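Please see the structure below; I have some questions.
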2 protein chains.
Amino acid sequence: MIERGLRERKKADTRAALADAALRLAAERGWEHVTVEAIAGAADVSYRTFFNHFSSKEEALLEPGGPDQPRLSTRLRAQPADREPLTALRTAIREDLAAASADPEQLRTRMTVFTSTPALLPRLLETIATDERDLALAVAERTGQDVDADLGPALVGAVVSAALRVSLMRWHAQGGATPLTDLADEALDTLVAGLPSAVPSH
Amino acid sequence: MIERGLRERKKADTRAALADAALRLAAERGWEHVTVEAIAGAADVSYRTFFNHFSSKEEALLEPGGPDQPRLSTRLRAQPADREPLTALRTAIREDLAAASADPEQLRTRMTVFTSTPALLPRLLETIATDERDLALAVAERTGQDVDADLGPALVGAVVSAALRVSLMRWHAQGGATPLTDLADEALDTLVAGLPSAVPSH
DNA sequence: CCGCTCGTTGCACACCGTGCAAGATTGCCC
DNA sequence: GGGCAATCTTGCACGGTGTGCAACGAGCGG
């Protein structure tokens with residue numbers, strides 16, 4: 001958050017302007033009808049400058065805040081070490097979702113753009129799953145397991161990501177009626193109880 | 001499997017030749033150093049013909065068999081209706097993995113290509129997760145739940161996909177030492193028992 | 001004030017993916 | 001067998017993405 005000079009501030013500004021323009025134009029015209037040239041033009045920079053900030057057109061939507069935005073795994077590592085592993089994970093997840101829900105309107109717009117562009121939705125899910133391995137590492141650190149030998153941490157990472165994805169999709173489908181954190185809590189409760197609790201036996 | 005004529009046979013042949021060439025060249029040079037022109041040349045067809053069979057370069061790797069290859073959800077639907085939901089799911093999963101393991105050498109090559117190309121790995125995972133919603137629908141049909149109202153089916157679909165992904169990654173990392181079906185069984189056992197069984201409490 | 005650093009810009013280029021139209025091959029019916 | 005229709009293949013042109021390179025200019029430090 002420390003401003004180290006006019007230079008870095010302007011750089012962050014143009015990046016934000018590009019990300020905002022990308023999201024706005026995508027909401028207006030649909031993602032595939034938005035060219036990089038249009039995004040750059042709306043942000044008052046050149047075409048070439050766009051790729052000085054983002055390595056691909058999609059990155060402007062997927063990582064508007066840069067690579068140093070807080071991730072789930074870092075939140076988990078910040079939890080007190082004496083806390084029960086699953087409790088610490090729940091808390092970290094709540095913090096992460098609360099941060100994501102800070103600007104519900106923007107989150108809604110993003111979700112609308114993603115869900116209305118078939119080629120783009122998987123990329124969002126991929127982004128959520130990017131920390132999967134990192135999350136597995138953080139879990140293994142906390143439990144003292146070996147992330148390569150023990151199946152547990154990798155499974156927890158993948159499964160938690162999956163649960164968050166489902167919660168996010170459901171939240172958007174409901175129009176935000178239920179708070180995102182509540183939906184995620186329900187999903188995690190189900191997973192803690194085991195798969196049979198998700199489907200009725202006959 | 002019915003040959004309806006010389007025409008469709010030749011079409012399937014060229015598609016297979018293109019898919020094979022794509023995988024072979026990717027294993028030799030690395031995926032990003034393989035152009036569509038090179039793939040087409042190796043299969044003795046023109047550049048333009050490639051896109052008559054695949055809508056993108058990646059599709060030649062991801063869906064070599066065409067869009068009508070059997071999916072997990074169809075295998076689940078083929079299970080007897082009186083079988084316990086989770087049992088039916090396990091059986092369908094075993095069939096699916098057995099089919100994928102039919103040619104272990106090719107599977108190994110594919111995984112090597114995917115894991116050595118950062119931009120490609122998520123696409124494989126995405127492909128696995130493509131049936132997620134369809135799988136959720138099949139689960140809901142079997143259990144009589146509502147896929148939009150009940151969280152269960154969507155959660156099961158996402159979580160099972162995640163477990164399969166983790167199993168596949170682990171299988172490849174181990175060099176195929178443990179059969180893929182065994183790894184998946186272990187992961188699913190853990191999920192059935194609930195998340196706490198994945199991580200030790202202190 | 002002067003040099004250094006770094007963001008910006010333009011230009012050229014390789015590659016992906018698509019629409020269109022012409023040519024070649026197969027299937028089918030007379 | 002001959003010819004017609006369907007369809008696969010091919011070439012061509014074009015828009016768009018993403019990159020390397022070199023020049024320019026604005027902030028930063030001495």
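Note that the structure is predicted; figures quoted are calculated from it, not measured. Proteins get letters first, then strands, A, B, ... in listed order; numbering begins at 1 in each.
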(message) Let's see if you get this right: which residues in residues 48-59 of chain B place a heavy atom under 4.0 Å from DNA chain D?
(response)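 Contacts with DNA chain D under 4.0 Å: B:R48, B:T49, B:N52, B:H53.
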
(message) Any side-chain to backbone donor/acceptor pair from B:T190 onto B:E186? Under 3.5 Å, distance only.
(response) yes

(request) Give, ordered by number, those residues of residues 37-44 of chain B having at least one heavy-atom distance below 4.0 Å to an atom of DNA chain D; if nothing qualifies, reply none. (result)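 Those residues whose heavy atoms fall under 4.0 Å from DNA chain D, taken from residues 37-44 of chain B, amount to none.
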
(message) I'd like to know if A:R75 and A:D131 make a salt bridge, using a cut-off of under 4.0 Å between side-chain N and carboxylate O.
(response) no

(request) For A:D13 and D:dA26, give me the distance from atom CG to atom C1', rounded to whole Å. (result) 15 Å

(message) Quick test of your reading: applying salt bridge (Lys or Arg N to Asp or Glu O under 4.0 Å), list the pairs with at least one residue in residues 158-177 of chain B, sequence neighbours left out, ordered by first then second residue.
(response)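 Checked against salt bridge (Lys or Arg N to Asp or Glu O under 4.0 Å) - neighbours excluded - the pairs reaching residues 158-177 of chain B are A:E132-B:R165.
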
(message) Would the distance check show the side chain of A:R142 and the main-chain N or O of A:P85 forming a donor-acceptor pair, the cut-off being under 3.5 Å?
(response) no

(request) Can you check whether any acceptor in the base of C:dG17 is under 3.5 Å from a donor in the side chain of B:Y47, or vice versa? (result) yes

(message) Just by distance, no angles: are the side chains of B:T112 and B:T109 close enough, under 3.5 Å, to form a donor-acceptor pair?
(response)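 Distance-only check fails for B:T112 and B:T109.
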
(message) Please tell me whether A:Q145 and A:T143 have a donor and an acceptor in their side chains that are separated by less than 3.5 angstrom.
(response) yes

(message) Regarding A:R90 and A:D185, does a basic nitrogen lie under 4.0 Å from an acidic carboxylate oxygen?
(response)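 Counted as a salt bridge, because a side-chain N and a carboxylate O are separated by less than 4.0 Å.
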
(request) Could you tell me whether the side chain of A:D146 and the main chain of A:D148 form a donor-acceptor pair under 3.5 Å? (result) yes

(message) Rounded to whole Å, please give me the gap between CG in A:L120 and P in D:dT17.
(response)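 Nearest whole value for this atom pair: 13 Å.
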
(request) Take the protein atom CH2 of A:W31 and the nucleotide atom C1' of D:dT17, then report the distance between them rounded to whole Å. (result)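 Distance, rounded to whole Å: 12 Å.
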
(message) Taking the side chain as everything from C-beta on, heavy atoms only, tell me whether A:V192 gets closer than 4.5 Å to B:P196.
(response) yes

Under 3.5 Å, side-chain donor or acceptor atoms of residues 25-40 of chain B against the rest of the protein: list the pairs with distances, not counting sequence neighbours.
residue : atom : partner : partner atom : Å
B:E28   : OE2  : B:R24   : NH1          : 3.1
B:H33   : ND1  : B:R29   : O            : 3.2
B:T35   : OG1  : B:A38   : N            : 3.1

(message) Is there a side-chain contact between B:K10 and the phosphate of C:dT25, meaning an N or O under 4.0 Å from OP1 or OP2?
(response)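 For B:K10, the contact criterion (side-chain N or O under 4.0 Å from OP1 or OP2 of C:dT25) is not met.
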
(message) Tell me the interatomic distance from A:H33, atom NE2, to C:dT18, atom C1', rounded to whole angstroms.
(response)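 Going from NE2 in A:H33 over to C1' in C:dT18 covers 14 Å.
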
(request) Could you list by number each residue of residues 14-24 of chain A showing a heavy-atom separation from DNA chain D of less than 4.0 Å, or answer none if no residue does? (result)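 Correct list: empty, so none.
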
(message) Is there a side-chain contact between B:T115 and B:M169 in this structure, where contact means two heavy atoms from C-beta onward sitting under 4.5 Å apart?
(response)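 Yes - at least one pair of side-chain heavy atoms lies under 4.5 Å apart.
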
(request) Could you tell me whether A:K11 and A:E8 have a side-chain N and a carboxylate O separated by less than 4.0 Å? (result)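 Not counted as a salt bridge, because no side-chain N and carboxylate O are separated by less than 4.0 Å.
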
(message) So if I take the C1' atoms of five pairs at each end of the helix from C:dC1-D:dG30 to C:dC30-D:dG1 and get each local axis, what angle do the two axes make, rounded to 10 degrees?
(response)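 Inter-axis angle at the ends, rounded: 10°.
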
(message) Show, in sequence, the C-alpha distance, side-chain angles and deciding distance for B:R77 and B:D134, and conclude whether the salt bridge (charged side-chain N to carboxylate O under 4.0 Å, His left out) test is met.
(response) CA-CA 11 Å; B:R77 289 200 175 89; B:D134 205 25; 3.7 Å; yes

